[in-house]
Number of protein chains: 2
Amino acid sequence: MSSLTPPPHRPTLADVADAAGVAISTASRALAVPGRGNPDTRERIIRIAKDLGYTPVTASNASATPSTRMVAVLVSDVTNPFYFGIIRGTQQALRVAGYSQILVHTEESPEMEESTLEELRSSYDGAILTASRLSDERLAELSAELPLVALNRAVPGVPSVFIDTPLGFDQAVEHLASLGHRRICYVAGPPTSWASNLRWRAVAAACERLGIEYTKVGPYQPRTKAGAAAADAALNTGATACVAFNDLLAIGMLIRLKERGVRVPEDMSIVGCDDIFGADFCNPPLTTLTAPVEQAARLSVSMLLDRLQSERIGASALTRRHIAALPTHLTVRESTGSAPRRTPGGES
Amino acid sequence: MSSLTPPPHRPTLADVADAAGVAISTASRALAVPGRGNPDTRERIIRIAKDLGYTPVTASNASATPSTRMVAVLVSDVTNPFYFGIIRGTQQALRVAGYSQILVHTEESPEMEESTLEELRSSYDGAILTASRLSDERLAELSAELPLVALNRAVPGVPSVFIDTPLGFDQAVEHLASLGHRRICYVAGPPTSWASNLRWRAVAAACERLGIEYTKVGPYQPRTKAGAAAADAALNTGATACVAFNDLLAIGMLIRLKERGVRVPEDMSIVGCDDIFGADFCNPPLTTLTAPVEQAARLSVSMLLDRLQSERIGASALTRRHIAALPTHLTVRESTGSAPRRTPGGES
DNA sequence: GTGAAAGCGCTAACAG
DNA sequence: CTGTTAGCGCTTTCAC
């Protein structure tokens, strides 16, 4: 009997099966299918499997059924602290569901997104695209071909988790207006960024509503380095306050303004977006929009798993058209100051 | 003939094969084995495969041969900006080699490291463990069972890429001594951190050599939040300068010291380690050790791929005992000031 | 150089 | 409820 001699190789299902004196399929069922089979044999098999140190070869599983228990998480730039919470959130949520994540850094490139999605297609069950650089149409097409959810993006026909920053930008503009600013500058992110356009529109709308002037500079790469050019450009617009596409840009501006001897918030107020790592300890601390990133990440995971689940059953496109919106809120710090401006109105 | 009708399903090797009028095995060879077979048929098959939009099902491959083209990258805390460069570096290096990375966040837990490694075993070919919390012995054992390389760690018998921070800490202490400090405090990281102990020893040795006093506070979690307690403790030691386990702690200390009205660097100098995102724009900017992280990441990838390569051939444990050390350098910023201290000697 | 056939480890119908 | 059997898509001997 081979019940005491563990096989020289990594134990396979067959080893478990004959150690337990059952057929391979029985062992498979006991280990893989939740509530089927005789509870006793079931438990016995599980125990034996444990004793033998059996671990399933997931790839073979994937060969027999199209399930890899892997989810691809595409991120435009892992270097951006905005993704901290996202990556952490998806990882945790996936792990409790027994999934792992394949993290891919797409370098802000839509081509890279597509090619990755394609090349890795057989390695994952579904995908989460964060801040995708792809068009709405392309996303919708892809979503028809494979289970995906868009994070930090709202696309009709694609399950999406949208972080409602436009709402926050509205609040930010109101905040600035209440401090007496009369001319505001939006510092734009990458031209391919869906969110950046949305934010610009939100700023413009809020300014219109409040009757204050507005301009735009950019586009800029969402990096601190780009903040230097952004700051210089913004100063030229005559605006007394800037609302930046994100914190990376905003922090970069802070650095540049300090270099140039422009005081923040006295001479220029700055508002960022995302409340990333560093926003609270930069100099001065940054007023910004705080986004519920981890929550967004968890939500996107559960939407994806739901979708995987329902597709397994056959209910194709019913609940999948869901778009969830998560609110952001304004976190006021020193970069916008607290006292009203000396010269409200801004005229000479 | 089926040469014009693409199959309704995702094309398989069989489809390519009979579109080309060859046997499956020939198609397989043409697509997978580098220099074998007739160059003409080979090219023809490749073209046809492309036309059909054929993509190999990696999982099946993994079933037939133990190769997944995936590498697991374990990171103790994705939230730590130190890993930015690492993740980016491994991703890039892996990608050019045709591999993808499975990123796992182990939450500073050795158990999580082990269980992940085990559970995912059949999903990756090799693993890169960054700042592993496992013991040298355990790492050596694991390294015997599976292809892994340790990053930011030097373990005898395990291919390791070591970022030589002790050398840097030595420089840092010298820098502080040259500024007139006579009592230095080391702010320790997690007790499970191999690097933290090493750094403490480096600080102690340097202080001995230079004839200055030294103490230690901690251990602390490597987070900015922990910096508050660390700062308070450090102030109590009577030291005029602190060398922290890493930048996260150092930045946290900066924040706390500012709250308490302690001036940096006038009343207390601070040195961090890693030169993470934020170290240059915190207040005041942080003197720290700059580590060649992306280089380290790339190196660890190439060591791993070498190892995978040589194991495929059979040359098991020859070059694998390699430990690479990468130097760090001191980046001086305001947190240590530039002028010598008023009261060198430190006596009352 | 190419084809036939035997697996890789696992799951899923279908019988018993 | 369990065992038998037939694949999943691919690689890899081994003849031809």
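Labels below follow one simple rule: chain letters A, B, ... track the order of the sequence lines, proteins then strands, and each chain is numbered from 1.
- Among the protein residues, B/Ala59 comes within range of no part of the nucleic acid, since none of its heavy atoms lies under 4.0 Å from any strand.
- Judged by closest nucleotide on DNA chain C, B/Pro39 is the one of A/Thr58 and B/Pro39 placed further toward the 5' end.
- What separates CZ of A/Arg10 from C1' of C/dC10 is a distance of 12 Å, to the nearest Å.
- Straight-line distance from the CZ atom of A/Arg69 to the C1' atom of C/dC10: 15 Å, rounded to whole Å.
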Considering only nitrogen or oxygen atoms on both sides, find all protein atoms under 3.5 Å from nucleotides 3-7 of chain C and state each distance.
from: C/dG3; atom 1: OP2; to: B/Ala23; atom 2: N; distance (Å): 3.1
from: C/dG3; atom 1: OP2; to: B/Thr26; atom 2: OG1; distance (Å): 2.4
from: C/dG3; atom 1: N7; to: B/Ser25; atom 2: OG; distance (Å): 3.3
from: C/dG3; atom 1: N7; to: B/Arg29; atom 2: NH2; distance (Å): 3.1
from: C/dG3; atom 1: O6; to: B/Arg29; atom 2: NH1; distance (Å): 3.2
from: C/dA4; atom 1: N6; to: B/Ser25; atom 2: OG; distance (Å): 3.2

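- Interface remark: the B/Ser60 side chain does not form any donor-acceptor pair with the D/dC10 base, using a distance-only criterion of under 3.5 Å.
- Using a 4.0 Å heavy-atom criterion, one finds that A/Pro66 contacts no nucleic acid atom at all.
- Although no hydrogens or angles enter the test, the distance criterion places no donor-acceptor pair under 3.5 Å between the side chain of B/Ser28 and the main chain of B/Ile24.
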Please assess B/Ser122 against A/Arg10 for the test side-chain contact (heavy atoms from CB on, under 4.5 Å), listing each intermediate value before the final yes or no.
CA-CA 11 Å; B/Ser122 59; A/Arg10 179 173 208 270; 4.0 Å; yes
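- One atom, CD1 of A/Ile45, and another, C1' of D/dT2, lie 10 Å apart when rounded to the nearest Å.
- Remark: B/Glu118 pairs with no residue by the side chain to side chain donor-acceptor pair (under 3.5 Å) rule, at least two apart or across chains.
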So B/His105 and B/Asp77, side-chain contact (heavy atoms from CB on, under 4.5 Å) or not? Walk me through it.
CA-CA 6 Å; B/His105 167 67; B/Asp77 181 10; 3.1 Å; yes
Given the rule in the salt bridge (Lys or Arg N to Asp or Glu O under 4.0 Å) test, do A/Glu113 and A/Arg133 qualify, once you have shown the distances and angles that lead to the verdict?
CA-CA 8 Å; A/Glu113 279 187 49; A/Arg133 277 10 180 174; 5.8 Å; no
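- Remark on the helix from C/dG1-D/dC16 to C/dG16-D/dC1: inter-end axis angle 30°, axes from five-pair C1' superpositions, rounded to 10°.
- Summarising the geometry, atom CG belonging to B/Asp125 is positioned 13.0 Å from atom CG belonging to B/Leu148; distances are rounded to the nearest 0.5 Å.
- Between the C1' atom of D/dC1 and the CD atom of A/Glu43 lies a distance of 16 Å, rounded to the nearest Å.
- Heavy atoms of A/Ala62 sit nowhere under 4.0 angstrom from any nucleic acid atom.
- Across all strands, B/Ser122 comes closer than 4.0 Å to no nucleic acid atom at all (heavy-atom distances).
- Listed for the B/Ser143 side chain is no donor-acceptor partner under 3.5 Å among the backbone atoms of B/Leu139.
- Under the side chain to side chain contact (heavy atoms under 4.5 Å, CB included) test applied with A/Gln91, the options B/Val78, B/Val104, B/Val75 reduce to a single match, B/Val104.
- In this structure, of D/dT11, D/dT2, D/dG9, it is D/dT2 that holds the atom nearest to the side chain of A/Thr41.
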Before you tell me yes or no, could you show the steps for A/Asp51 and A/Arg47 under salt bridge (Lys or Arg N to Asp or Glu O under 4.0 Å), namely the whole-Å CA-CA distance, both residues' side-chain angles and the distance that decides it to 0.1 Å?
CA-CA 6 Å; A/Asp51 286 357; A/Arg47 200 175 37 68; 3.6 Å; yes
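- Here the straight-line distance linking atom CG of A/Leu94 with atom CD of A/Gln101 works out to 6.0 Å at 0.5 Å rounding.
- Applying the 4.0 Å criterion to OP1 and OP2 of D/dT11, one finds that B/Thr65 has every side-chain N and O outside that range.
- Nucleotide C/dG9 holds its C1' atom 10 Å from the CG atom of A/Asn61, rounded to whole Å.
- Separating the CZ atom of B/Arg42 from the P atom of C/dT2 is a distance of 11 Å, rounded to the nearest angstrom.
- Atom CG of B/Asn38 and atom P of C/dG1 are 7 Å apart (whole Å).
- Distance, A/Leu13 CG to C/dT11 P: 6 Å, rounded to whole Å.
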